[in-house]
Amino acid sequence: MILRLLKNRFQNALASFVDDPAPYLEMIRPSQDPKFGDYQANMAMPLAKQLGKPPREVATQIVAKLDLSGLCTTPEIAGPGFINLRVADSLLVELLQNAIADENRLAIAEVESAEKKRYIVDYSAPNVAKPMHVGHIRSTMIGNALVRILRFYGHDVISDNHIGDWGTQFGMILYGYRRFLDKATYEASPVAELSRLYRHVRQLMDQPTEEGQRIGKLVLEETAKLHAGDPENLALWKKFVPVCMEEIERMYKRLGVEFDYTLGESFYQPMLAPLVDDLLRRGIARETEGAIGIFLDGYEIPVLIRKKDGAFLYSTTDLATVQYRIKEFQPDVMLYLTDFRQSLHFEQFFKAAALMEAGQKLPELVHVKFGTVLGEDGKPFKTRSGDTVGLESLLDEAESRALAVLEKNVGEESESTDLSETARRIGLGALVYADLSQNRESDYVFSFDKMLAMNGNTATYMQYAYARVRSIFTKGNIDIGSLRRSPEPVQISTPQERALAMELLKFDEAIESAVRDYRPNQLTSYLYELANRYSAFFEHCPVLKADDESVQQSRLKLCDLTARTIQLGLRLLGIETVERM
RNA sequence: GCGCUCGUAGCUCAAUGGAUAGAGCAACGGAUUUCUAAUCCGUAGGUUACAGGUUCGAGUCCUGUCGGGCGUGCCA
């Protein structure tokens with residue numbers, strides 16, 4: 001909110017220098033180094049070029065036009081022409097009070113109603129025939145965080161899990177089921193057996209031999225039969241899907257993720273044949289080497305939408321999904337959260353969708369891509385046995401590690417505390433944070449210990465800061481309600497208090513940058529920074545043992561706002577806080 | 001071959017074209033009769049792969065080289 005106030009003032013000042021100040025307003029930003037103040041404005045240098053004057057002179061002229069009353073102390077011009085701004089403590093105090101008094105949003109505004117959009121966020125999308133592994137965290141948790149953040153901003157958001165329940169993996173399972181089924185295991189644990197069959201057939205197909213090719217062909221035949229409505233294959237498919245879905249639902253429950261819709265590939269199946277016919281009739285698609293494809297300018301390969309055996313493809317379903325969503329939901333934006341390896345597919349698919357919807361208003365289609373999870377060898381992650389690490393066992397391990405520390409720290413002293421629930425939140429938080437704190441576009445190297453770390457820059461650190469605040473309130477027997485209603489202003493008397501206050505008031509900037517680039521790691525960095533400032537404050541500024549009551553009240557307010565900011569910030573990431581740890 | 005992408009501290013990663021490139025982990029040295037030590041303070045660690053270029057200013061933009069990853073019509 002401080003940044004917005006500054007921009008308003010600069011806009012007025014810059015009006016007499018340029019016609020369009022907008023790009024120059026973007027050059028106001030938080031300072032990297034506190035010795036340069038809280039914010040800095042860098043527009044004097046580029047403006048100097050344009051106006052043909054020395055940059056420091058331009059900076060001086062801007063400052064002369066600038067009215068910062070109530071916002072900042074006198075700006076300083078430094079270096080080649082930086083304008084360094086120090087926010088007035090009176091403004092900090094005023095804004096803190098607004099945030100404290102706002103029970104739900106901490107004075108973070110929604111977007112203007114004209115800016116509100118309807119989003120469809122398409123994420124997670126596991127193949128139902130395979131157990132979820134560590135790679136699914138990326139799509140699932142980045143998507144989940146974006147849904148939460150966009151909603152908080154006041155957008156209308158529809159989450160849709162486009163599960164893979166109709167693809168070639170079922171051809172593989174059908175083939176395996178008929179030949180390699182272990183009936184006893186299937187009875188006991190159908191999902192485990194199906195996934196074993198899947199892996200087994202995958203291995204057979206991947207052999208670089210004629211045998212491998214032959215099996216590959218048979219698998220595709222099973223897929224084609226399923227797609228053509230073969231009664232036997234369809235009956236088996238109907239048997240498999242519900243048990244797989246049950247397993248997946250259980251996992252989502254554990255992760256704390258919910259979807260508005262789970263419309264998988266099979267849902268669109270009846271729309272595929274008519275879609276292809278329509279595209280053929282309109283001349284958008286044509287026959288090629290026995291298959292049907294859409295040819296795009298500038299691409300060597302067409303987008304295939306029907307194989308020569310009649311089966312449909314990924315792109316066919318994607319196009320049908322676009323049509324369905326436009327008709328059903330009229331979205332403004334659709335976000336697709338998938339691995340960057342699908343970049344070419346999405347580029348082409350988006351262009352094909354534009355052809356398909358020519359003349360209509362097409363929603364903005366965005367591929368929110370993310371990097372691959374790599375093993376320690378730098379190759380896409382696999383364990384020695386060829387399986388990826390199951391999400392389930394990873395979560396189990398995270399929880400048991402958290403529980404071990406909890407039992408040591410909190411122990412028996414509090415029977416009222418549900419330690420296992422606390423451990424669940426800490427373990428899951430660690431895992432989710434480890435993923436979200438990466439820039440989503442980067443590949444990252446999977447490390448068991450890093451994923452489960454609970455020291456340093458981890459969710460645990462924020463949860464710990466939160467629990468420390470809660471502990472103060474419990475110990476001091478503080479009435480939070482009356483504290484929040486109290487009109488007494490916060491006092492800023494130490495550097496630690498000021499640094500904490502400053503950071504608290506940058507929450508909105510963090511959320512905004514997370515949304516702008518669809519990058520939750522902007523929010524994790526912020527929360528770490530905030531918890532870090534709180535720790536410094538905690539060390540230096542006694543609260544319950546403050547010298548006098550007004551200081552105590554003031555510090556309690558800072559503590560409370562910190563806790564609420566951390567809680568809300570973590571919640572936007574899909575991570576829960578705990579009262580004791 | 002062509003296309004996309006990445007290369008930053010020992011390791012894992014940050015850094016909307018801005019000032020002296022930052023964290024965490026690991027290492028080393030300190031802090032607990034004090035509101036939670038899952039914490040804090042400090043030390044050390046860098047030619048941002050390399051070479052040019054654009055710019056007042058480049059880890060960031062452009063060109064080239066080297067190296068890694070991915071993609072490249074009937075998987076998703």
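Hydrogens, waters and symmetry mates are skipped; everything else that's a heavy atom, side chains included, is used. Chain letters run A, B, ... following the sequence lines, proteins first, then strands; residues in each count from 1.
- Using a 4.0 Å heavy-atom distance criterion, A:Leu313 is classed as a sugar-phosphate-only contact.
- Comparing the same atom, P, in B:C50 and in B:U60 gives a spacing of 11 Å after rounding to whole Å.
- With A:Tyr528 as the fixed residue, the ring-ring contact (aromatic ring centres under 6.0 Å, His included) test singles out one of A:Tyr464, A:Tyr534, A:Tyr461: A:Tyr461.
- The interatomic distance linking A:Gln348 (CD) with B:C4 (P) rounds to 14 Å, in whole Å.
- The interatomic distance linking A:Arg341 (CZ) with B:C6 (C1') rounds to 14 Å, in whole Å.
- Judged by atom type and distance alone, A:Ser437 does not reach the base of B:G24 through any side-chain donor-acceptor pair under 3.5 Å.
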> Step by step, would you call A:Tyr433 with A:Met462 a side chain to side chain contact (heavy atoms under 4.5 Å, CB included)?
Replying inline: CA-CA 10 Å; A:Tyr433 188 93; A:Met462 271 67 86; 3.2 Å; yes
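- With no hydrogens or angles considered, a side-chain donor-acceptor pair links A:Ser124 and A:Thr140 at under 3.5 Å.
- When the side-chain nitrogen and oxygen atoms of A:Lys475 are compared with OP1 and OP2 of B:U36, one or more of them lie within a distance under 4.0 Å.
- Side-chain N or O atoms of A:Ser447 include one that pairs as donor or acceptor with a backbone N or O of A:Lys450 at under 3.5 Å.
- Regarding contacts with the backbone of B:U39, a side-chain N or O of A:Asn455 is found under 4.0 angstrom from either OP1 or OP2.
- Side-chain nitrogen and oxygen atoms of A:Tyr528 include at least one within less than 4.0 Å of the OP1 or OP2 phosphate oxygen of B:G24.
- Nucleic acid contact class of A:Lys308 (heavy atoms, under 4.0 Å, all strands): base.
- The side chain of A:Lys369 places no N or O atom within less than 4.0 Å of a non-bridging phosphate oxygen (OP1 or OP2) of B:C70.
- Remark: A:Arg468 is in phosphate contact with B:A37, judged by side-chain N or O atoms under 4.0 Å from OP1 or OP2.
- For the pair A:Asp339 CG and B:C6 P, the interatomic distance rounds to 14 Å; values are reported in whole Å.
- For B:A37, the base has no donor-acceptor partner in the side chain of A:Asn409 [N/O atoms by modelled type, under 3.5 angstrom].
- Checked by atom type, the side-chain pair A:Glu579/A:Tyr466 shows a donor-acceptor distance below 3.5 Å.
- Backbone-only contact: A:Thr168 has heavy atoms under 4.0 Å from sugar-phosphate atoms and none from a base.
- Within the nucleic acid shown, A:Asp443 comes within 4.0 Å of sugar-phosphate atoms alone, with no base atom in reach, counting heavy atoms only.
- Rounded to a whole angstrom, the distance from the C1' atom of B:G7 to that of B:G46 is 15 Å.
- Applying the 4.0 Å criterion to OP1 and OP2 of B:C35, one finds that A:Ser471 has every side-chain N and O outside that range.
- Not one side-chain nitrogen or oxygen of A:Ser513 sits closer than 4.0 Å to the OP1 or OP2 atom of B:U16.
- Within 4.0 Å of A:Phe538, counting heavy atoms only, lies at least one base atom of the nucleic acid.
- OP1 or OP2 of B:A14 lies within a sub-4.0 Å distance of a side-chain N or O belonging to A:Ser442.
- Side-chain N/O atoms of A:Ser437 and A:Asn521 include no donor and acceptor closer than 3.5 Å.
- Contact annotation: side chain of A:Arg29 to base of B:U16, donor-acceptor pair present below 3.5 Å.
- Spacing between B:G69 and B:U55 at atom P, rounded to whole Å, works out to 37 Å.
- At the phosphate of B:A15, OP1 or OP2 sits under 4.0 Å from a side-chain N or O atom of A:Arg519.
- Residue A:Ile28 contributes atom CD1, which lies 14 Å from atom C1' of B:U16 at whole-angstrom precision.
- Looking at heavy-atom distances under 4.0 Å, A:Glu265 makes contact with sugar-phosphate atoms alone, never a base.
- With a cut-off of 3.5 Å on both pairing distances, B:U54 has no Watson-Crick or G-U wobble partner at all.
- Contact annotation for A:Leu406: base contact, defined as any heavy-atom pair under 4.0 Å involving a base atom.
- In this model, the phosphate group of B:C40 is approached by a side-chain N or O of A:Asn532 to a distance below 4.0 Å at OP1 or OP2.
- As judged by a 4.0 angstrom heavy-atom cut-off over every strand, A:Asp309 is placed among residues making no nucleic acid contact.
- Between B:C74 and B:A14, the distance separating the two P atoms is 33 Å to the nearest Å.
- A:Gln342 comes within contact range of at least one nucleobase, with a heavy-atom separation under 4.0 Å.
- Computed from coordinates, the A:Leu25 CG to B:U16 C1' distance equals 15 Å when rounded to whole Å.
- A donor N or O paired with an acceptor N or O is not found under 3.5 Å between the base of B:A38 and the side-chain atoms of A:Gln463.
- A:Asp318 comes within 4.0 angstrom of no nucleic acid atom, judged by non-hydrogen atoms across all strands.
- For the C1' atoms, the distance linking B:U20 with B:C6 amounts to 27 Å, nearest Å.
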> Does the pair A:Tyr268 and A:His162 meet the rule for a ring pair (Phe, Tyr, Trp, His ring centres under 6.0 Å), with working shown?
Replying inline: CA-CA 10 Å; A:Tyr268 299 96; A:His162 191 78; 5.6 Å; yes
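- The CG-P distance, from A:Asn439 to B:C6, rounds to 10 Å in whole Å.
- Separating the P atom of B:C25 from that of B:C35 is a span of 24 Å, rounded to the nearest Å.
- Residue A:Tyr461 has a polar side-chain atom (N or O) positioned under 4.0 Å from OP1 or OP2 of B:C40.
- Within the nucleic acid shown, A:Leu544 comes within 4.0 Å of at least one base atom, counting heavy atoms only.
- Across every strand in view, B:G45 sits unpaired, with no contact that passes the Watson-Crick or G-U test at under 3.5 angstrom.
- Within 4.0 Å of A:Pro542, counting heavy atoms only, lies at least one base atom of the nucleic acid.
- For B:U16, there is no paired base (Watson-Crick or G-U wobble, both distances below 3.5 Å).
- Counted by atom type alone, A:Glu221 and A:Tyr175 present zero donor-acceptor pairs between their side chains at under 3.5 Å.
- Contacts of A:Asp517 with the nucleic acid, taken as non-hydrogen atoms under 4.0 Å apart, are absent.
- Base pairing of B:G1: its partner is B:U72, meeting the Watson-Crick or G-U wobble criterion (both donor-acceptor distances under 3.5 Å).
- Using Watson-Crick or G-U wobble geometry with both donor-acceptor distances under 3.5 Å, B:A9 finds no partner in any strand shown.
- Within the structure, every side-chain polar atom (N or O) of A:Tyr314 is placed at least 4.0 Å from both OP1 and OP2 of B:A76.
- Within 4.0 Å (heavy atoms only), A:Ala78 reaches at least one base atom of the nucleic acid.
- As a whole-Å value, the separation of A:Met454 CE from B:A37 P is 19 Å.
- Under the Watson-Crick and G-U wobble criteria, each requiring two contacts below 3.5 Å, nucleotide B:U36 is left unpaired.
- Atom-to-atom, CZ of A:Phe312 to C1' of B:G73 comes out at 17 Å; the value is rounded to the nearest Å.
- The minimum heavy-atom distance between A:Ile472 and A:Phe538, with the atom names listed, is CD1-CE1, 4.0 Å.
- Using a 5.5 Å limit on the distance between ring centres and a 30° limit on the angle between planes, the aromatic ring of A:Phe36 counts as stacked on the six-membered base ring of B:A19.
- Inspection of the A:Glu497 and A:Ser493 side chains reveals an N or O donor paired with an N or O acceptor under 3.5 Å.
- Between B:G71 and B:G52, the two C1' atoms lie 30 Å apart (nearest whole Å).
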